[in-house]
*Asks:* 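Take a look at this one; I'll ask things after.
Indexing begins at 1, ligand by ligand and atom by atom, following the structure's order.
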Amino acid sequence: MASLNNLPVLIRDRFKSAHEHGDLNFFETRVTILQCYGSLFQLRFSPALANKPKNTKPREPGERPVNPFLNPEEALLVTELGSSHIIVLNKFSIIPGHFILVTKEYKPQTELLEEDDVAAAYNCIKAYQNYGEELFGFFNSGEHSGASQPHRHIQFLPVEAMRTGIENELKWDILADSLVDSVDLPFTYFASPIPESPSPKKLHEIYLGLYNRACRIAGKPAADTSQASESSISYNIGITNKVMAICPRTNEGTPLDDEEHNSIGFVALNGTILGGTLLVKNESEWNALRGDKSKLQHVLGCIGIRHDIERKI
Ligand code: AMP
């Protein structure tokens, strides 16, 4: 595997150059902090993304969608990791340095992660830690998980970049790191601590253990580790240097209404929710979630296996 020693520097340089040359689209966001039970969530909204014209060009009948990860754009390719993975910059980012770990050859996003996938993901996180920086990784798998690309990939967000520009003064941290302490949330999750210097085998065991717990609560078959197997559930994984967490998913999101019960949009969530952050698409959703604290609790209660708690926000 190629050395990842200077990964944070490499990512920053490549991001800057790709941005300056117009090879990637970076969207500024407004960001505020909301609370659900005792946990803090970043709410993000990008006015530029909301006003971006939709691509209305009709697809030719039978035309296959392009796989952006099989032959990634030169300007977005950061490095290769041995024969198994590559790292590319996210072409559409709202956090500077958002990058993606991709399998070199096509593998389905809906199959279970393999030992080399989780090991490569952890090595990226470790490379940031060696620079004194935090990195949050997330994986979206299945139709309700918020995934859009079928080629296997795990995404990463530099945490310090996530902390910039917060409108209120609250101190926000990555949610996953708090989940081993059984935090109350409206959705069911499972979390395991990651020991110091884990072997690839140990990391994979942690992943499979979480996955099997998620399958059990969803009433679905657990992993068949004797072969590459399709997941029986939709789920998100969140990973830091300390914790791996899973959220089994039953819905990508939920419609949102204003106070007069008029529909104002649909809030869709992916694995960033395990980092404690969500992005809305329009200003009405942004205002509604900021104006009524019960709305975040409602949204979070709709995405997975409900975990109802008799408790005020
Ligand atoms: P997901 O939606 O979880 O499957 O993640 C796929 C990610 O790929 C999204 O965050 C997209 O912004 C990103 N993406 C889409 N097209 C490209 C591309 N051509 N190059 C790099 N990243 C891309």
*Asks:* Decide if the gap between the ring center of Y211 and the ring center of Y235 is smaller than 6.0 angstrom.
*Replies:* yes
*Asks:* Heavy-atom distances under 4.0 Å are what count here, so tell me which part of V88 touches ligand 1: side chain, backbone, both or neither.
*Replies:* neither
*Asks:* Distance under 4.0 Å to a non-hydrogen atom of E73: what atoms of ligand 1 satisfy this?
*Replies:* 19 (N)
*Asks:* Of all the non-hydrogen atoms in the protein, which one sits nearest to atom 9 (C) of ligand 1, and at what distance?
*Replies:* N90 ND2, 3.7 Å
*Asks:* Side chains of D177 and T240: do they bring a donor and an acceptor to under 3.5 Å?
*Replies:* yes
*Asks:* Would you call the rings of F15 and F26 parallel, tilted or perpendicular if under 30° counts as parallel and over 60° as perpendicular?
*Replies:* perpendicular
*Asks:* In chain order, what residues pass the salt bridge (Lys or Arg N to Asp or Glu O under 4.0 Å) check against K202, with sequence neighbours excluded?
*Replies:* none
*Asks:* Taking atom types as modelled, is there a side-chain donor on Q297 or Y37 under 3.5 Å from an acceptor on the other?
*Replies:*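 Y37 and Q297 do have a side-chain donor-acceptor pair below 3.5 Å.
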*Asks:* Check whether any heavy atom of I100 sits under 4.0 Å from an atom of ligand 1.
*Replies:*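 I100 counts as a contact of ligand 1 under the 4.0 Å cut-off.
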*Asks:* Which protein heavy atom lies closest to atom 18 (C) of ligand 1, and at what distance to 0.1 Å?
*Replies:* P68 CB, 3.4 Å
*Asks:* Taking atom CG of D117 and atom CG of L101, what is their separation to the nearest 0.5 Å?
*Replies:*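 Going from CG on D117 over to CG on L101, the span is 7.5 Å.
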*Asks:* Which ligand 1 atoms, with their elements, are less than 4.0 angstrom from a heavy-atom of F92?
*Replies:* 12 (O), 15 (C), 16 (N)
*Asks:* For ligand 1, indicate whether the residue Q155 contacts it via side chain, backbone, both or neither (heavy-atom separation under 4.0 Å).
*Replies:* side chain
*Asks:* Ligand 1 and S148, any nitrogen or oxygen pair closer than 3.5 angstrom?
*Replies:* yes
*Asks:* Mark the output for P72 as yes if a heavy-atom distance to ligand 1 is under 4.0 Å, and as no if none is.
*Replies:* no
*Asks:* Only heavy atoms of L89, strictly under 4.0 Å: list the atoms of ligand 1 that pass.
*Replies:* 21 (C), 22 (N)
*Asks:* Quick one about Q109 and H151 (side-chain donor to acceptor, distance below 3.5 Å, no hydrogens or angles considered), yes or no?
*Replies:*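 Q109 and H151 do not have a side-chain donor-acceptor pair below 3.5 Å.
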*Asks:* I need the atoms of ligand 1 closer than 4.0 Å to a non-hydrogen atom of H153, numbered in the order shown.
*Replies:* 1 (P), 3 (O), 4 (O), 5 (O), 6 (C)
*Asks:* Please verify the inter-ring angle class for F187 with Y189; under 30° counts as parallel, over 60° as perpendicular, anything in between as tilted.
*Replies:*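 If you compare the ring of F187 with that of Y189, the planes turn out perpendicular.
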*Asks:* What atoms of ligand 1 come closer than 4.0 angstrom to any heavy atom of N140?
*Replies:*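 Within the 4.0 Å cut-off of N140, ligand 1 contributes 3 (O).
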*Asks:* Distance under 4.0 Å to a non-hydrogen atom of F69: what atoms of ligand 1 satisfy this?
*Replies:* 8 (O), 22 (N)
*Asks:* By number and element, which atoms of ligand 1 are closer than 4.0 Å to a non-hydrogen atom of K91?
*Replies:* 17 (C), 18 (C), 19 (N), 20 (N), 21 (C), 22 (N), 23 (C)
*Asks:* I need the full list of salt bridge (charged side-chain N to carboxylate O under 4.0 Å, His left out) pairs touching residues 21-32, with sequence neighbours left out, sorted by first then second residue.
*Replies:*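 The answer is R30-E167.
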